[in-house]
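Notes to accompany the following structure.
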Amino acid sequence: MSQPVQPPNQPQQPVEGNPYAGQPGQPAPAAPTGTPYGQQPPAPTGNPYGQQPGQGAPFGGGAPFAPAPPVRNNILLGVAVALGAAIVAGILYGVIAGSIEREVGYAAVGVGFLVGFAASKVGGSHPAIIAASAVFSIGAVYLGQLIGISMILSDLAQIPFSEVVGDHFDTVTKAWSEEADFMTYVFFAIGAIGAIGGAKKAG
């Protein structure tokens with residue numbers, strides 16, 4: 001007695017067990033790759049080309065550091081600045097003294113302080129710079145006194161200031177010698193003290 005023959009291409013029943021097992025006559029499906037339940041790589045944030053935490057400095061360098069402050073110890077430059085500041089401060093002092101026709105102690109202190117501060121700020125706090133600042137401050141006060149006297153003589157004689165300075169400078173110095181008293185030299189000392197204070201402040 002013969003067995004019944006099933007018709008061809010009859011749908012197969014699902015097979016228990018491995019769902020990826022191949023069916024008769026069909027290729028086996030490819031198994032998924034990767035880690036579906038594993039940790040995903042973090043999404044890029046911020047600058048994608050920037051330095052990441054934990055990495056060293058680029059180009060193999062060490063950790064960044066602040067540069068050391070420049071050493072200010074240029075004696076010649078400091079003395080030159082002191083001379084320039086003394087000329088400018090002396091002119092200003094003379095204009096003030098000539099305008100009010102008298103000297104002011106605070107102005108003499110300001111002259112010295114400006115000279116000493118500028119010189120030490122540029123050249124450093126070398127003793128030679130401080131000494132030069134004090135000497136130039138005395139010269140600045142003297143220059144200011146001469147300018148002040150020239151302005152007063154210019155007003156009295158009704159002649160231009162430039163003519164007083166250019167043609168009658170001997171008269172100006174003679175007038176200074178006659179008018180010089182104890183306070184005149186006190187102003188010199190005040191200017192020098194101001195220069196020392198300004199140099200220490202800058203240093």
Side-chain angles (χ1 to χ4, degrees), residues 63-157 159-203:
F65 61 93
V71 179
R72 293 179 291 110
N73 197 18
N74 193 331
I75 299 177
L76 293 179
L77 183 59
V79 172
V81 170
L83 178 60
I87 294 173
V88 173
I91 293 173
L92 294 176
Y93 179 68
V95 170
I96 294 174
S99 300
I100 63 176
E101 297 187 358
R102 67 190 187 104
E103 293 184 86
V104 181
Y106 291 114
V109 172
V111 168
F113 185 88
L114 176 63
V115 174
F117 185 85
S120 292
K121 195 70 174 177
V122 175
S125 57
H126 194 276
I129 296 177
I130 298 176
S133 299
V135 173
F136 288 150
S137 295
I138 295 174
V141 173
Y142 176 69
L143 174 63
Q145 291 174 349
L146 293 180
I147 292 176
I149 293 174
S150 299
M151 291 178 64
I152 295 173
L153 292 178
S154 175
D155 290 339
L156 293 177
I159 57 177
F161 174 81
S162 59
E163 184 178 341
V164 172
V165 175
D167 299 337
H168 305 286
F169 190 73
D170 55 339
T171 304
V172 174
T173 55
K174 182 179 179 180
W176 181 87
S177 300
E178 293 175 352
E179 295 293 331
D181 55 6
F182 174 76
M183 289 304 299
T184 301
Y185 299 99
V186 169
F187 286 123
F188 289 160
I190 290 175
I193 293 172
I196 296 173
K200 291 182 177 180
K201 186 71 173 179

On a heavy-atom basis, which atom in Ala119 and which in Gly78 lie closest, and how many Å separate them? CB-O, 3.4 Å

Restricting to ring pair (Phe, Tyr, Trp, His ring centres under 6.0 Å), what partner residues turn up for Tyr185, sequence neighbours left out? Phe188

Ring pair (Phe, Tyr, Trp, His ring centres under 6.0 Å) against Phe187, all qualifying residues, sequence neighbours excluded: none

Spatial distance of atom CE (Met151) from atom CD1 (Ile100) [nearest 0.5 Å]: 10.5 Å

Interatomic distance, CD1@Ile147 vs CG@Leu92, rounded to 0.5 Å, equals 9.0 Å

Side chain to side chain contact (heavy atoms under 4.5 Å, CB included) between Tyr142 and Leu146: does it pass, once the steps are laid out? CA-CA 6 Å; Tyr142 176 69; Leu146 293 180; 3.5 Å; yes

If you count the non-hydrogen atoms of other residues, nucleotides and ligands that lie under 6.0 Å from CD in Glu179, is the total more than 12? no

From Ile129 atom CD1 to Leu76 atom CG, the distance as rounded to the nearest 0.5 Å: 9.0 Å

Reference residue Tyr93; test side chain to side chain contact (heavy atoms under 4.5 Å, CB included); the match among Val111, Val88, Leu143: Val111

Looking only at heavy atoms, which two atoms of Ser137 and Ala195 are closest? And how far apart? OG-CB, 3.1 Å

Closest heavy-atom pair and its distance - Ala134, Ile196: CB-CG1, 4.5 Å

Verify the distance criterion only: is there a donor paired with an acceptor across the side chains of Thr184 and Asp181 at less than 3.5 Å? yes

What distance separates Ser120 OG from Lys201 NZ, expressed to the nearest 0.5 Å? 13.0 Å

Would you give the length of the straight line joining atom CD1 of Ile152 to atom CZ of Arg102, rounded to the nearest 0.5 angstrom? 11.5 Å

Tell me, please, which residues at least two apart from Ser99 pass side chain to side chain donor-acceptor pair (under 3.5 Å). none

So Val122 and Asn74, side chain to side chain contact (heavy atoms under 4.5 Å, CB included) or not? Walk me through it. CA-CA 8 Å; Val122 175; Asn74 193 331; over 6 Å; no

Check: Val172 and Val165 side chains under 4.5 Å, non-hydrogen atoms: no

Could you tell me which non-hydrogen atom of Leu114 sits nearest to which non-hydrogen atom of Ala89, and how far apart they are? CD2-CB, 3.8 Å

Give me the atom names and distance for the closest heavy-atom approach of Ala108 to Val141. CB-CG2, 4.4 Å

Report the C-alpha distance between Val109 and Ile193 in whole Å, list the side-chain angles of each, state the deciding distance to 0.1 Å, and finish with yes or no for side chain to side chain contact (heavy atoms under 4.5 Å, CB included). CA-CA 7 Å; Val109 172; Ile193 293 172; over 6 Å; no

CD1 of Ile159 to CG of Leu153: how many Å apart, nearest 0.5 Å? 8.0 Å

Heavy-atom closest contact (Ser133 atom, Val115 atom, distance): O-CG1, 3.7 Å

